[in-house]
Protein chains: 2
Amino acid sequence: MKPKITLKDIARELEVSISTVSKALKNSEEISRDTKDKIQAFAKLYNYKPNNIAVSLKNRRTKNIGVIIPDIVHHFFTTVISGIEKYANAKGYNVLVCVSNESFDREVINMELLANGSIDGFIMSLSSETQLKKDYNHIKEVTQQGIPLVMFDRVTPEIACDKVVIDDEQGAFLAVKKFIESGKKRIALVTTDDYLSVSKARAMGYEKALKSHGISLDPSLILKLPSMEVEEEAFEAFFSDKKVDAVLCVNEIFAIHAMRLVQLKGKRIPEDISFIGFTDGLLSKYAMPSLTSIAQHGEIMGEEAAKMLIEKVEIETEEEQFSTTVLQPTLMERESTK
Amino acid sequence: MKPKITLKDIARELEVSISTVSKALKNSEEISRDTKDKIQAFAKLYNYKPNNIAVSLKNRRTKNIGVIIPDIVHHFFTTVISGIEKYANAKGYNVLVCVSNESFDREVINMELLANGSIDGFIMSLSSETQLKKDYNHIKEVTQQGIPLVMFDRVTPEIACDKVVIDDEQGAFLAVKKFIESGKKRIALVTTDDYLSVSKARAMGYEKALKSHGISLDPSLILKLPSMEVEEEAFEAFFSDKKVDAVLCVNEIFAIHAMRLVQLKGKRIPEDISFIGFTDGLLSKYAMPSLTSIAQHGEIMGEEAAKMLIEKVEIETEEEQFSTTVLQPTLMERESTK
DNA sequence: TATCAACACGAAACCGTTTTCGTAACAATT
DNA sequence: AATTGTTACGAAAACGGTTTCGTGTTGATA
């Protein structure tokens, strides 16, 4: 048990002042070669490392960035974290992860906790409850304090900040186009309620693609789940009385679930019914049959968000100039479509 | 843009001393009701929140715990984080996540970075490279500094600290027992090289179960992959020339992969060949057929690790008393076995 | 009336750095 | 010999809190 050595310890031991030690370790011109050599050697010998907390307090910079996500078990979010980590670490930043668990209250608590000096900036994706409540005061407060913020994926126009999203509408459009071009006519959409920004955009893309191909919208072909939870009965009911030949799902889980259901009913994928999901994760890759999927490029999204944030953190100008980066989704074709 | 208000600001505004403000906000007995009311009202009005960094510096406590994991996209680890987060947040701690990405160097860098005051304690799982190199100096240094450490899942006897693991040997034993009891004879094991502590234990359980049921070990039925990467050709080769009727895989991915392969070869699961995997994640649940799996209870593991750590962090005694919690794995039976 | 708690508050040290500014010692210049 | 300029270092303030201790003002007590 050897406690950390401090500047003061070195100063006492070498009979110089604390400031001399500090400067010597920074290789300051002010200090003579001899003294620097002596101090640096001593510091290395005792493995001196400056205390991050003290440095943070002094510099008013923590080199930490706070990430608030709705759910960490969801594959998409982990890929985003992965991207954030990668970029942030390369720039010497640590990543503080907080999970809101789709809860408004936890989102507020986490933000307030981190906002009190623990981090230099936020990267976040809204919890579903927050999007439902439309209460963004906790976020506004943070931005008003001048803490840089980047939102990704689940964003809102009500907050002025940098954003990075994929073109969800375009993603859905691509998927439906794919269906239509392979001869499908009765194309279903399985989605969540509209309050989730991304679901809304995807529904728009779905409608647009139908319209632009001269297919009229049949509202009975849209299944809206109240949350991201899979509701067995709703699926059961929807797929037993509808005659559909293609299904677009707003996430992997819905898609896998639906595929399983129709396969048990004896239908063949993709001959009888095709599937496309959002979020190109492990589930899509390993499903049987593997699932054609709209890749959201989470890792790139994370890197981009981290890049935008760190830029804002390190720049000192006061002018508020925000931008939104829109990533293009890509369709990963697999066995569930032909 | 309104910068944060500090004690000093309040003191100046209300014409009292900083110490009075500090005490008043902590509801100290020393301060009169009147003054406290006035100060507390003012603080609430201006939404005063103490600066975490300053408090940390003073108290030498950050209320942060550092988590270092090999990989964040791996479902098991995210469930562990989830558990850690849950317990830690309830106790008022933040979680700093760093990903070593299975690299020794990144593990070292991350630990050194966090050890300099950013966190009160570590929770970690070894990177595969570290287990391969058997170089634990960076970890020893941290423990020697008196920073509490809890290791989970991928641990080593070389470090004296609290640990939480599942009984991997028992997990494998259960799986093989299940195979044997349902009449399987030629039971394969798909694993990674032995340097991964968990793989080793699982192989032990596999051998033990065979032995205790009077089946002799056939080394040709063991496929050892050099890493966690799926090597297509190795799988292909292994499954084309071996006659196996059951396969135990040390993770989900291997299992899903193998299942797909044998299904393409026209075999039926579980009639012709049964499968069991480790890590009871989404993939197991949604595979076709769904995969019988040994649940590692990641969330519980995370909660337990956080609990052990925070206990150590908050206790002040010097005595070093370490314990290892062994969680019992459970077999989640699904369609891939009968 | 002198003494003494109790009360209510402030001064100052402290956590471990960084950084500005002041200055002693010496050399170089006129 | 007086002035100026370097060089090499130290003192001290600052970051934003917490906490110990000291003290002026009361009212009660002997």
Side-chain angles (χ1 to χ4, degrees), chain A residues 3-40 42-43 46-64 113-120 145-147, chain B residues 3-40 42-43 46-64 113-120 145-147:
Chain A
K4 299 240 71 168
I5 186 174
T6 69
L7 285 188
K8 198 195 282 189
D9 298 330
I10 302 183
R12 183 174 0 86
E13 220 57 39
L14 261 35
E15 296 179 306
V16 291
S17 76
I18 295 181
S19 21
T20 302
V21 177
S22 175
K23 289 170 192 164
L25 293 176
K26 300 191 115 58
N27 234 321
S28 158
E29 293 301 320
E30 272 185 67
I31 310 297
S32 72
R33 195 62 265 168
D34 276 8
T35 316
K36 278 198 282 194
D37 286 346
K38 196 175 55 176
I39 293 177
Q40 287 170 5
F42 189 92
Y46 286 93
N47 194 26
Y48 168 79
K49 295 275 167 52
N51 178 310
N52 288 337
I53 298 291
V55 175
S56 292
L57 181 58
K58 181 63 194 173
N59 297 348
R60 304 153 128 293
R61 282 291 204 71
T62 62
K63 284 258 176 187
N64 287 160
L113 210 66
L114 295 188
N116 297 120
S118 300
I119 49 96
D120 294 340
Q145 276 171 36
I147 300 178
Chain B
K4 298 237 71 165
I5 187 174
T6 70
L7 284 189
K8 198 196 284 188
D9 298 330
I10 302 183
R12 184 175 0 88
E13 219 58 38
L14 261 38
E15 295 178 308
V16 291
S17 78
I18 294 181
S19 21
T20 302
V21 178
S22 176
K23 289 169 190 164
L25 293 177
K26 301 190 112 61
N27 234 321
S28 159
E29 293 301 320
E30 270 184 72
I31 308 298
S32 71
R33 194 63 266 167
D34 275 8
T35 318
K36 278 200 281 194
D37 286 346
K38 195 174 57 174
I39 293 178
Q40 287 170 3
F42 189 92
Y46 285 94
N47 193 27
Y48 169 79
K49 296 275 166 52
N51 179 310
N52 289 336
I53 298 290
V55 176
S56 292
L57 182 58
K58 179 67 193 170
N59 297 348
R60 303 151 128 293
R61 284 290 205 71
T62 62
K63 284 263 180 180
N64 286 159
L113 210 67
L114 296 188
N116 297 122
S118 301
I119 49 95
D120 295 339
Q145 276 171 36
I147 301 179

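We name chains A, B, ... by the order of the sequence lines, and we start the count at 1 in each one.
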Query raised in the report: Hey, does the side-chain of A:Lys58 have a donor or acceptor N/O within less than 3.5 Å of a partner on the base of C:dT18?
Result: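 Side chain to base: pair present.
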Requested in this report: Could you tell me whether the phosphate oxygens of D:dG17, OP1 or OP2, come under 4.0 Å of any side-chain nitrogen or oxygen in B:Tyr48?
Outcome: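 The answer is yes; a side-chain N or O of B:Tyr48 sits under 4.0 Å from OP1 or OP2.
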Query raised in the report: Looking for any heavy atom pair under 4.0 Å, which part of the strands does B:Thr6 touch: base, sugar-phosphate only, or nothing?
Result: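 Sugar-phosphate contact only - B:Thr6 comes under 4.0 Å of backbone atoms but never of a base.
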Query raised in the report: Is the backbone of A:Lys49 close enough, under 3.5 Å, to the side chain of A:Lys4 for a donor and an acceptor to pair up by distance?
Result: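 Flag not set: sc A:Lys4 to bb A:Lys49 has no pair under 3.5 Å.
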Using the 3.5 Å cut-off, write out each protein N or O paired with an N or O of nucleotides 8-10 of chain C and the distance between them.
from	atom 1	to	atom 2	distance (Å)
C:dC9	OP1	B:Thr35	OG1	2.5
C:dC9	OP2	B:Ser32	N	2.8
C:dC9	OP2	B:Ser32	OG	3.0
C:dC9	OP2	B:Thr35	OG1	3.1
C:dC9	N4	B:Glu30	OE1	2.3
C:dG10	OP1	B:Ser17	N	3.3
C:dG10	OP2	B:Ser17	N	2.9
C:dG10	OP2	B:Ser17	OG	3.0
C:dG10	OP2	B:Thr20	OG1	2.1
C:dG10	O6	B:Lys23	NZ	2.4

What is the distance, rounded to the nearest whole Å, between atom [atom1] of [X] and atom [atom2] of [N]?
X	N	atom1	atom2	answer
A:Asn51	C:dC15	CG	C1'	8 Å
A:Arg12	C:dG16	CZ	C1'	13 Å
A:Arg60	C:dT19	CZ	P	13 Å
B:Leu57	C:dT18	CG	P	12 Å
A:Lys49	C:dT17	NZ	C1'	17 Å
A:Asn59	D:dG16	CG	P	12 Å
B:Ile53	D:dT18	CD1	P	14 Å
A:Lys63	C:dT18	NZ	P	14 Å

So how far is it from [X] [atom1] to [Y] [atom2], rounded to the nearest 0.5 Å?
X	Y	atom1	atom2	result
A:Leu114	B:Asn52	CG	CG	8.0 Å
B:Asp9	B:Thr6	CG	OG1	3.5 Å
A:Asn47	B:Gln145	CG	CD	7.5 Å
B:Ile39	B:Ser22	CD1	OG	9.5 Å

Query raised in the report: Any ion pair linking B:Lys38 and B:Asp34 (charged N to carboxylate O, less than 4.0 Å)?
Result: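 Answer for the salt bridge query: no.
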Requested in this report: Would you please test B:Asn27 and B:Gln40 for side-chain contact (heavy atoms from CB on, under 4.5 Å) and show each step?
Outcome: CA-CA 9 Å; B:Asn27 234 321; B:Gln40 287 170 3; 3.7 Å; yes
